[in-house]
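On a predicted model such as this, the values are computed, not experimentally measured, just so you know. Chain A is the first sequence line, chain B the second, and so forth, proteins listed ahead of strands; every chain is numbered from 1.
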Amino acid sequence: MQAFEYASPTSVKEAVDMLSSNWGETDVLAGGTDLISLMKEYLHTPKRVVNIKGIRELGGIRKSGGGLRIGATVTIDELAESAPVRAEYPSLVHAALGITSPQIRNMGTVGGDLCQRPRCWYFRQGFGLLGIENGASLIPDGENKYHAIFPHPPAYYVNPSSLAPALIALGAKVKLTGPGGSRELPVEQLYTIPKDNNSRETVLAPNEILTEIIVPSAKGVRNATYEVRQKEALDWPLSAAAVALKMKGTTISSARIVLGHVGPTPVIAGEAERMLAGKSLNQNLAAEAGKAAVSGAKPLSENAYKLQLTRVAVKRALMEAAGLKA
Amino acid sequence: MSNHHDELDEKTHPKGGFSRRGFFRGVGVTSGAIGSALITEDEAGAAQGAGAKAVGPGAVPVTLNINGREHKLNIEPRVTLLDACRNHLDITGAKRVCDRATCGACSMIINGKVVYSCTVLAVDAQGRQITTIEGFTSPSKPHPVSAAFVNNDAQQCGYCTPGFVTAAKAFLDRNPNPTEAQVMKGLGGNLCRCGTYMGVRKAVLEAAKAMKGGKNA
């Protein structure tokens, strides 16, 4: 890893002031589980690292307006153990407990889960975020079995966040703070499609910090996450679905279905959501929703297997949310 | 693509006193040993309160509380907790294997929670209680987890063992009555390439029994 200056400010303003307005010059450190590996691989070579864990206001989970405000430096373990989270947000607890290992959950933060860089092996091996060489992406004809089945050329990597699909399904927002103040936006708007190898996959400015996640009340909202993974630990899921169902008795009044690890951003399965409205869930309907969720997918040469994994993830997440046996 | 710079970066300097490791390193490295020797008390502690003032990229004073003892160092901010312990303090129980927050051989306990010390900056571990395997078990006074590893043949080559024992201790401290399924999940952050998982699981269950009804060592 390249040598860097280090600072541990105690306020968001101080931290923002220490960040460069150009990408690559400074990095924000929280849990470090992604950043330190990126630096060891020389994928990030910041001149300065700004540790935000010493900023008290970025820690802790607070009840607010019926929902929760989750500080960016809350660890994944703290999130999964939090009583108010466990009471209303099983989809978040399940997604948090799916995150690789106890060590990573103890170190990694909620903000870091949302801001981690993609796991795409072309990116991680130094071919750039989009894996572009001589003007063309290496991925469509390359080793793409873990890549997107909802690609958005030139982006073929998958969004690595475990929490984002659940947060989007729950209607959560993120708060971003920069030199000009703060802005709040829905979690789905945090992610964007980069235009070239040097762009970023989030809308964060280089000197902006994700400071808080605002989750609305989930009273009466049945929610669940289902992940399909190759290994029980130490890896990201192959496919995941998070669902949030507003119910009237046994009838679904509205559904949110968000897919993880299948596209460069979390994928909102609109067609599947619409077909559930006004209906009572059963195994067949859940399976139909799973099919609808991948109807627009365009798998690559090696990853069509993810279609079935995603159908199953959607079906099982729906059944779990509705309290039915899959 | 520059993935092989570790040796160039992490110049490992012999520390002040003689040790077997220091000796081996001294044979290969003839650097001036400037950046990383143990320093006097007066110089230490500045990095901890660094606050909004940036320090580094050169060596900065760092104070680490490891196994109940304060250690004062002068190291670059990029030095990980694992490398600070192994290369600068001769605390070598935790092993450097994958160095990428995956294998668990470097497991240490910080403020009661198990972490990958290869992926914690030493400068960021200041002011916290760091426990390495040396802090809770020794050949003359083995922790129940260590004893159970021996009883159940829970190691082969041994590289992963300190990390496993440390992760198992942290796991049992939080889950004193685990099921086998919980043990599997709870130790999911550690890898053993020899495949001693069966023995490890049995050892952790045995240690849980041994630790019941009394304070562990």
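If you measure heavy-atom distances from B/Ala170 to chain A, you find no contacts under 4.5 Å at all. Heavy atoms of B/Cys103 lying under 4.5 Å from chain A are absent altogether. For a residue to count as touching a neighbouring chain, one of its non-hydrogen atoms must lie under 4.5 Å from one of that chain's; by this rule B/Ile110 does not touch chain A. With a threshold of 4.5 angstrom between heavy atoms, A/Asp17 does not approach chain B through any atom at all. For chain B, the nearby part of A/Lys53 is the side chain; its heavy atoms alone come within less than 4.5 Å.
The backbone N or O of B/Asp99 lies less than 3.5 Å from a partner atom in the side chain of A/Lys40, making a donor-acceptor pair. A distance-only check finds a donor-acceptor pair linking the side chain of B/Thr102 to the backbone of B/Arg100 [under 3.5 Å]. Formation of a donor-acceptor pair under 3.5 Å by the A/Arg200 side chain with backbone atoms of A/Pro194 is not found in this model.
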* Residues B/Thr137, B/Ser146; criterion side-chain hydrogen bond (donor to acceptor under 3.5 Å, both in side chains); working and verdict -> CA-CA 7 Å; B/Thr137 188; B/Ser146 305; 2.8 Å; yes

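Your options are B/Gly188, B/Gly56, B/Gly104, and the one with the most heavy-atom pairs under 4.5 Å with chain A is B/Gly188. With chain B as partner, the option from A/Gly31, A/Ser37, A/Ala233 having the largest number of non-hydrogen pairs under 4.5 angstrom is A/Ser37.
Residues satisfying the side-chain hydrogen bond (donor to acceptor under 3.5 Å, both in side chains) test with A/Ser161, not counting sequence neighbours, are A/Asp113. Contacts of A/Ser11 classified as side-chain hydrogen bond (donor to acceptor under 3.5 Å, both in side chains), with partners at least two apart in sequence or in another chain: none.
In this structure, the ring of A/Tyr156 has its center no less than 6.0 angstrom from the ring center of A/His147. Here A/Tyr146 and A/Trp121 bring their ring centres to under 6.0 angstrom of each other.
Taking the side chain as every heavy atom from C-beta outward, A/Val158 and A/Arg119 never approach each other to under 4.5 Å.
For residues 94-109 of chain A, the interface with chain B (any heavy-atom pair closer than 4.5 Å) comprises A/Leu97, A/Ser101, A/Pro102, A/Gln103, A/Ile104, A/Asn106, A/Met107, sorted by residue number. For a heavy-atom cut-off of 4.5 Å, chain A lies close to B/Lys185, B/Gly186 in residues 177-187 of chain B.
Taking the six-membered ring where tryptophan is involved, the planes of B/His143 and B/Phe136 are perpendicular, since the angle between them exceeds 60° and thus also 30°.
Once rounded to the nearest 0.5 Å, the distance linking CG of A/Leu35 with SG of A/Cys115 reads 11.5 Å.
Atom OH of B/Tyr197 has more than 12 neighbouring heavy atoms from other residues, nucleotides or ligands inside a 6.0 Å radius.
Taking all atoms of both residues into account, the shortest heavy-atom contact from A/Gln2 to A/Phe4 is O-CD2, 3.3 Å.
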